[in-house]
Amino acid sequence: MKKVLYATDCTKKSAPALRYAYRLCRAIQAELHVLHVYEIPPIKVATIRSPQQLEKWEFQEQKEIIANYCATHLKNELYIDPIKIELVESSFVAKSIATVCERLEADLVIVGMKDNYTLRGIFAGNIANELLDRLSVPILVLPNESYYHGLSTLVYATDFEAADVLAIHDLVTVAKPYNALIKVVHVPLKKELDTKMRMQWFEREVRQRIAYPELVFSLVEAEDVESGLRKCVRQEQAEMLVMMEREHPRFYDKLFHKDVVEGMQLEVSVPILIFNQQGINRDMQNKKETVYSI
C-alpha cells in the first residue's frame, strides 16, 4: 500500500483516529493524505460578497483549520513524516471521499465511526455502504477512541473463496512490518458440510501462494457468524478484524450496533478492515488470475 486516504471531521473525538492513521502509515511506509469535507455555512452564503470570494476565503479558512488540527494532535510526529492535506467543499461526504480516492489512486481509505458528538457524522453505516459500492479499495473503519498500540494479531474471516486469497495477500503488507500473526478463521453455518476438509484445502491454497510464516487457520464454533467473530477477536485479543464485503447482505452492519439481535451485544471495539469482493474479482480478471473454488 503506497497511498492512504484518511477522512476526518476535525473534531476532538476523532483525534485518536488521526494518530492511528498516521502511525499505521509510518509503519507500512505509505503516504498519508488527510481529507476534510466541509460545507459553507448558510450565514456566509447570505452575505453581499461574491460566491467566488466566499469559496476562496472559506477554502483558506478550512485549510488553516485542518493544518492546525493535524499539528495539534500529531505534535512533533508531524515533522517526521509530513502529510498531505485534501479539502473538498461538498454536502456529500461519501461521494467526495470516493472522488478523492480515485483521483489519488489510493490503496486504502480510513474513516472513523459516527458518534453522538460529531456535527456531521463523518462516518455511519449508510456512508460505509456507499463507499463500498463506489470503491474497490479496502476500507479501514476505526471505532471511537481507537488508540494505536501497533499490531500483533489480526483476525481474518474467510468464506473459502478465491478473493480471500488475494485479500490475505494484501493483508500481509499490513501485518509484515509488525511481524503480526494473521489468524484465518471460518464460522461454519449449521447447513455447511465438510468445513474441516474445506479449511484444509484453503490453507494449502494460501500457503502455496503466500510466503508469510505468521499464518494460522482454524474453525470457530458459534451460533452465528457475528458472535463467532466477536468471540474470536476477544479470545485472541486481536487488534484488528478483517473481512470481505461479499456479494450478499452485509452482516458487518450488525457488528457496529448494539441490540440488533435481541439479547446480544454486537458492538465491536477494534478496527475493522473491509475488503471489497467485487474490486478484488475485477483485479483477478485484469491480471488473469486463476479462479478456484471447492
Side-chain angles (χ1 to χ4, degrees), residues 132 138-141 143 151-176 178-257 260-278 280-281 284 289-294:
L132 288 165
I139 300 171
L140 177 60
V141 183
L151 297 173
S152 61
T153 303
L154 299 86
V155 171
Y156 181 88
T158 182
D159 211 13
F160 308 133
E161 298 186 62
D164 285 317
V165 181
L166 292 187
I168 294 170
H169 179 273
D170 290 343
L171 182 60
V172 167
T173 64
V174 176
K176 192 172 182 179
Y178 305 92
N179 197 32
L181 175 70
I182 300 177
K183 182 156 188 175
V184 182
V185 303
H186 178 71
V187 184
L189 301 176
K190 292 181 180 179
K191 63 181 179 180
E192 283 190 71
L193 300 174
D194 301 324
T195 52
K196 185 175 181 180
M197 182 189 71
R198 295 174 71 200
M199 177 60 89
Q200 291 173 345
W201 166 86
F202 184 73
E203 179 177 355
R204 287 196 301 269
E205 294 289 342
V206 171
R207 295 196 186 280
Q208 286 175 4
R209 290 164 172 78
I210 302 173
Y212 184 65
E214 298 299 321
L215 279 167
V216 296
F217 298 76
S218 68
L219 297 172
V220 177
E221 298 296 333
E223 288 295 320
D224 53 59
V225 176
E226 297 85 15
S227 59
L229 293 180
R230 292 189 67 249
K231 172 185 174 183
C232 187
V233 167
R234 183 174 61 254
Q235 289 181 343
E236 298 296 328
Q237 297 184 331
E239 291 88 8
M240 187 179 292
L241 172 63
V242 189
M243 61 180 63
M244 183 79 66
E245 172 52 22
R246 305 183 192 278
E247 298 173 18
H248 52 64
R250 297 181 169 106
F251 70 82
Y252 85 89
D253 281 337
K254 300 177 183 178
L255 295 164
F256 294 148
H257 298 85
V260 175
V261 177
E262 185 177 359
M264 296 182 65
Q265 298 291 316
L266 297 178
E267 183 180 358
V268 168
S269 60
V270 300
I272 300 180
L273 179 59
I274 308 167
F275 284 90
N276 188 297
Q277 186 179 33
Q278 291 182 341
I280 289 180
N281 286 340
M284 286 193 297
E289 291 278 354
T290 301
V291 177
Y292 40 88
S293 61
I294 187 169

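Being a predicted model, the structure only gives us computed values, none of them experimental.
With a 4.5 Å cut-off on side-chain heavy atoms, Val270 and Met240 do not count as touching. Under the 4.5 Å side-chain criterion, counting only non-hydrogen atoms from C-beta, Glu226 is not in contact with Arg230. The shortest side-chain heavy-atom distance between Leu229 and Met243 falls under the 4.5 Å cut-off.
Atoms CE and CG, from Met244 and Asn276 in turn, are 8.5 Å apart once rounded to the nearest 0.5 Å. Distance check, rounded to the nearest 0.5 Å: CD of Glu192 to NE2 of His186 gives 3.5 Å. In this structure, CD1 on Ile280 lies 6.0 Å from CZ on Phe275, to the nearest 0.5 angstrom. For the atom pair Arg207 CZ and Leu215 CG, the distance stands at 5.5 Å (nearest 0.5 Å). The distance from atom CD of Glu221 to atom NZ of Lys231, rounded to the nearest 0.5 Å, is 7.5 Å. Interatomic distance, CD of Glu205 versus CD of Gln200, reported as 13.0 Å (0.5 Å rounding).
Heavy atoms only, all atoms of each residue included: Tyr212 and Asn179 are closest at OH-C, 3.5 Å. Of all non-hydrogen atoms in His169 and Ile210, the two that sit nearest each other are N-CD1, 3.5 Å. The two residues Val220 and Gly228 come nearest to each other via the heavy atoms CG1-O, 3.7 Å. For the pair Val174 and Tyr178, the tightest heavy-atom approach, listed with the atom from each and the gap, is O-CD1, 3.2 Å. Listed here is the closest heavy atom pair of Ala157 and Asp164: O-OD1, 4.2 Å. Across all their heavy atoms, Met199 and Ser218 have their closest contact at CE-O, 3.2 Å.
Partner of Val242 under the side chain to side chain contact (heavy atoms under 4.5 Å, CB included) criterion, out of Ile168, Val184, Leu273: Leu273 alone.
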Requested in this report: Verify side chain to side chain contact (heavy atoms under 4.5 Å, CB included) between Leu189 and Thr195, making sure each step is shown before the conclusion.
Outcome: CA-CA 9 Å; Leu189 301 176; Thr195 52; over 6 Å; no
Requested in this report: Please step through side chain to side chain contact (heavy atoms under 4.5 Å, CB included) for the pair Val216 and Lys183, ending with a clear verdict.
Outcome: CA-CA 5 Å; Val216 296; Lys183 182 156 188 175; 3.7 Å; yes
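Remark: Glu223 CD is loosely packed, at most 12 non-hydrogen atoms of other residues, nucleotides or ligands lying under 6.0 Å away. Open room surrounds CD on Gln237; 12 or fewer heavy atoms of other groups in view lie less than 6.0 Å from it.
A donor-acceptor pair under 3.5 Å links the side-chain atoms of Glu239 to the main chain of Thr153, judged by distance alone. Counting only distance, with no hydrogens or angles, the side chain of Asp170 and the backbone of Ala167 share no donor-acceptor pair below 3.5 Å. Asp159 places no side-chain N or O within donor-acceptor distance of the main-chain N or O of Glu161, the cut-off being under 3.5 Å.
Note on ring orientation: taking the six-membered ring where Trp is involved, the planes of Phe202 and Phe217 are perpendicular (angle over 60°, cut-offs 30° and 60°).
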